[in-house]
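Let me begin by presenting the structure, written as structure tokens, before commenting on it.
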Amino acid sequence: MIFFAGTAPAQAYLDPGTGSLVLQAAIGVVAGGLVALRIYWGKIKSFFKRKNSRDGRDNRFTDRK
Amino acid sequence: MERAVPENASYRDPAGRVYLLGDRVLRSVTRAGAADYEFLRDGGLLDELASDGRLIGCTEVEPSLLGEAPEVRYVLEHPRLSFVSYPYEWCFSALKAAALLHLDLSLESLERGATLSDASAYNVQFQGARPIFIDVLSFRRYRDGEYWFAHRQFLEQFLNPLLLTALRGVPFNVWLRGRLEGIPSDDLRALLPWWRMLDWRVSAHVILPARFQRSAAKIGDDRVARIKARSLPKSAFRSMLASLRRWIEGLEPSLPRQSAWSDYAETNGYRALEAESKANFLRRFAAKVKPRCLWDVGCNAGHYAEIALEAGAKEVIGFDADHGALEKAFARASKGGLRLLPLYLDAADPSPGQGWRGIERKALGDRRNADGLLALAVVHHLAIGRNLPLKDVVDWLIGLAPQGVIEFVEKDDPCVRQMLQFRYDIFPDYGRENFRAAVLARAEIIEEQEITANRRLLVWYNRRDD
């Protein structure tokens with residue numbers, strides 16, 4: 001058996017076509033970037049949330065954007 | 001004992017192949033495909049999709065049916081399809097329905113940890129206007145982060161042909177027949193005006209893959225390694241499928257608004273009474289013969305096919321060369337849930353045997369399954385429109401099914417006069433007596449009737465076995 005930890009196995013019985021794979025690798029990078037951004041954004045939001053709740057303010061309104 | 005014969009169209013996938021054993025359709029699952037098959041079977045996905053009619057059913061049978069075959073782990077039996085059609089015979093809406101089915105199955109399997117290993121349009125068949133997926137071994141376990149390996153095949157077999165018709169107004173049929181692999185992105189790209197690039201979907205699924213493919217020859221080993229090391233997150237895979245689905249769902253064929261024959265049923269000069277006597281003749285025929293499968297050559301928008309179905313035919317395969325008429329017939333079948341499948345056919349040039357060794361896809365003549373024929377107002381199109389000898393046309397038609405109805409249109413009929421308006425009349429043999437003689441050369445005439453004032457003739461024949 002072959003183990004590809006976290007990578008995409010190139011074992012299709014079809015020839016996937018290099019053009020399509022280059023495209024998907026690019027989509028993968030962009031999607032990965034978006035995921036990273038979202039995580040980052042989440043961190044930023046939660047940082048401010050914590051700060052707000054530490055101030056003891058009602059944050060129901062400040063959160064609504 | 002009867003031996004199982006491998007089906008010629010099924011040899012590419014190492015996971016298994018299809019065999020015919022008499023009337024039975026069997027599929028082997030080899031060692032290479034067994035683990036994926038078990039995963040899918042035990043997860044219940046195959047059963048669920050089969051029960052709502054989108055996937056062909058299968059039951060495990062005794063492996064010894066295939067004889068001595070050490071690499072075979074399972075043998076499955078499928079119900080036999082009455083007729084196999086090919087994507088180059090489908091109308092736009094049929095290919096679109098097949099594409100949507102493929103994407104739906106991909107999206108739903110992904111939620112269940114499975115994916116489709118290929119995207120061949122030949123894996124879809126039709127029962128009436130309803131598409132059904134026939135390759136159970138296309139399903140396999142999804143590995144997290146894997147690429148969509150069948151993306152290119154999906155583009156060539158589904159998206160590019162649909163775009164050719166939707167964006168450029170060119171019917172895809174002869175192109176798909178000319179290249180069984182489908183339409184390459186590079187070919188389609190060359191046909192699109194530059195401003196189509198502004199549509200990001202065209203850029204993403206046509207222009208970029210074509211461009212990357214062209215530069216692929218120069219790609220270095222390090223680049224290959226980088227691509228292999230990367231992955232496509234599941235969410236990105238899902239959104240690729242979903243955005244293709246949304247796009248394709250909105251595509252419509254850009255065909256001339258009024259094709260020559262799509263309005264034929266309404267404008268051909270029949271008076272209501274005459275159309276009704278034609279319908280009654282067909283009703284008598286269909287009620288008496290009760291064809292299991294009726295071939296309607298020159299089916300137009302499917303009006304008479306529907307009458308035949310109501311009167312007793314179980315299933316109709318319709319054929320026409322007019323794309324507008326086929327769209328109407330497909331819509332009629334789809335809306336009414338009719339067992340009518342309209343297919344593209346140029347009767348003077350029917351689908352040949354082709355593909356690997358010339359037998360991978362069968363010629364239309366080798367897929368004959370009709371026990372009834374309708375050929376209404378087609379003889380003159382072939383005999384006069386295409387210069388085919390009258391008796392050969394009749395002989396070909398009668399060869400399609402043992403019983404049927406053929407309509408003969410006289411030379412002084414407005415339709416034929418129009419066909420001859422700029423031509424020399426080189427058809428001295430074209431006439432009713434020669435038509436009847438050609439029918440009688442191969443068949444008995446059960447009933448005949450003149451149905452219009454300009455003497456259109458319907459003949460109900462019964463072929464002699466010889």
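Worth knowing before you read on, the calculation uses all heavy atoms, side chains too, and leaves out hydrogens, waters and symmetry mates. Below, chain A is the first sequence line, B the second, and so on; all start at residue 1.
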key: B/Phe133 ring center near B/Phe139 ring center (under 6.0 Å)   = yes
remark   = So, the part of B/Arg223 with a heavy atom under 4.5 Å from chain A: the answer is side chain
ask   = For B/Ala210, is it the side chain, the backbone, both, or neither that has a heavy atom closer than 4.5 Å to a heavy atom of chain A?
value = neither
inquiry  = Just so I understand: if I count every heavy-atom pair under 4.5 Å between each of B/Asp118, B/Leu155, B/Leu208, B/Val224 and chain A, which residue has the most?
reply    = B/Asp118
inquiry  = I'd like to check B/Tyr37 versus B/Thr30 (side-chain heavy atoms, cut-off strictly below 4.5 Å). Are they in contact?
reply    = no
inquiry  = Within the 3.5 Å criterion, strictly below it, is a donor on B/Glu360 or B/Tyr122 matched to an acceptor on the partner's side chain?
reply    = no
inquiry  = Can you classify the ring geometry of B/Phe149 versus B/Tyr147 as parallel (below 30°), tilted (30 to 60°) or perpendicular (above 60°)?
reply    = perpendicular
